[in-house]
Amino acid sequence: MTNEERMQQYLPLLRTCAGWTAKDLADQLEVSRQSISAWENYDLKNKKGVKLSKIQYLAIKKLLEDEIDKDTTDENSEKRHILGTLLEVLIDHPDDYTTDDRKAVLEKAKLLAPAIMKKPEQRKSISGVWPMLLVGCGVVLSAAILAIIGLNNKEGEVKNV
């Protein structure tokens, strides 16, 4: 598989990990959003759709490298790290890594990608919701367990009578 094909295969994930929408990437490349969609929907196995050219690959790679270099705040360190790792492991030198290494990098990136797309203030507000949601689930689960235990005790009492 060529670098262009690997870039095309992982473009949606790379774009998301960079914090870009399809429109953001299209604007930076001065192409239509539909072009980005066409590249991302290319069927590599059947060779159907719009294939990424060498020039397009190089332009996207340069934008990703610039994104890694420009984000120097601590808040974006995880984004920079995952982007750099994705480029290294999945695009530039995949043969230097085991299948398990590549899978692990992919899984971590897929988990982080949605959080990266959120703006910092949204991440903070969302992170405050999780503890409340977990407490709420705990309360509901506890009530359900108590209800089940209560039913079993009542059934047990009826059997003993």
Side-chain angles (χ1 to χ4, degrees), residues 1-138 140-141:
M1 186 181 294
T2 67
N3 286 358
E4 294 87 356
E5 290 170 329
R6 285 191 295 271
M7 175 70 75
Q8 191 152 11
Q9 178 181 1
Y10 296 114
L11 186 56
L13 180 62
L14 289 163
R15 176 181 55 74
T16 304
C17 285
W20 302 330
T21 63
K23 174 113 173 66
D24 294 335
L25 180 56
D27 290 345
Q28 291 182 70
L29 293 170
E30 297 182 6
V31 298
S32 69
R33 188 201 52 74
Q34 289 81 3
S35 293
I36 303 302
S37 179
W39 296 335
E40 290 182 351
N41 290 313
Y42 177 70
D43 183 352
L44 188 62
K45 289 180 183 173
N46 297 316
K47 307 288 185 197
K48 291 185 179 178
V50 180
K51 190 173 179 182
L52 199 63
S53 73
K54 181 76 167 184
I55 291 248
Q56 292 159 337
Y57 156 76
L58 291 170
I60 294 167
K61 186 166 181 350
K62 176 69 173 135
L63 286 174
L64 290 167
E65 289 170 344
D66 287 350
E67 188 69 19
I68 292 166
D69 292 341
K70 87 173 184 183
D71 277 333
T72 57
T73 62
D74 287 340
E75 182 179 301
N76 291 316
S77 65
E78 192 166 27
K79 177 173 107 172
R80 285 192 326 273
H81 175 71
I82 196 67
L83 270 176
T85 303
L86 286 171
L87 284 176
E88 167 68 20
V89 175
L90 300 178
I91 309 299
D92 296 335
H93 306 287
D95 295 334
D96 294 348
Y97 299 90
T98 66
T99 302
D100 288 342
D101 291 338
R102 290 190 302 271
K103 284 181 183 177
V105 167
L106 265 174
E107 289 307 309
K108 183 171 183 182
K110 287 176 182 176
L111 287 173
L112 292 174
I116 290 171
M117 284 301 290
K118 303 283 183 202
K119 294 184 176 158
E121 60 276 5
Q122 290 172 314
R123 281 197 300 264
K124 287 177 187 169
S125 67
I126 289 169
S127 65
V129 170
W130 281 106
M132 291 185 295
L133 184 61
L134 291 174
V135 168
C137 289
V140 170
L141 184 58

Minimum side-chain heavy-atom gap Asp96-Asp101 below 4.5 Å = no
The reported gap from NE2 in His81 to CG in Leu86 (rounded to nearest 0.5 angstrom) is 9.5 Å
Here the gap from Trp20 atom CH2 to Glu67 atom CD, rounded to the nearest 0.5 Å, amounts to 5.0 Å
CD of Gln28 to CG of Leu63, rounded to nearest 0.5 Å, is 5.0 Å
**Asked** Do the charged groups of Asp92 and Lys61 touch, with an N to O distance under 4.0 Å?
**Response** yes
May I ask you to say whether Glu107 pairs ionically with Lys103, meaning some side-chain N is under 4.0 Å from a carboxylate O? no
message = If you define the side chain from C-beta out and look only at heavy atoms, does anything of Val105 sit under 4.5 Å from Lys108?
response = no
Output for pair (Ile60 CD1, Leu87 CG), nearest 0.5 Å, gives 11.0 Å
Separation between CG (Asn41) and CD1 (Ile36), nearest 0.5 Å, reads 11.5 Å
Please indicate whether Lys48 has more than 12 foreign heavy atoms, meaning atoms of other residues, nucleotides or ligands, lying under 6.0 Å from its NZ.
no
**Item:** Main-chain N/O of Leu52 paired to Glu4 side chain as donor or acceptor, under 3.5 Å
**Value:** no
Value for CD (Gln34) from NZ (Lys23), rounded to nearest 0.5 Å, stands at 9.5 Å
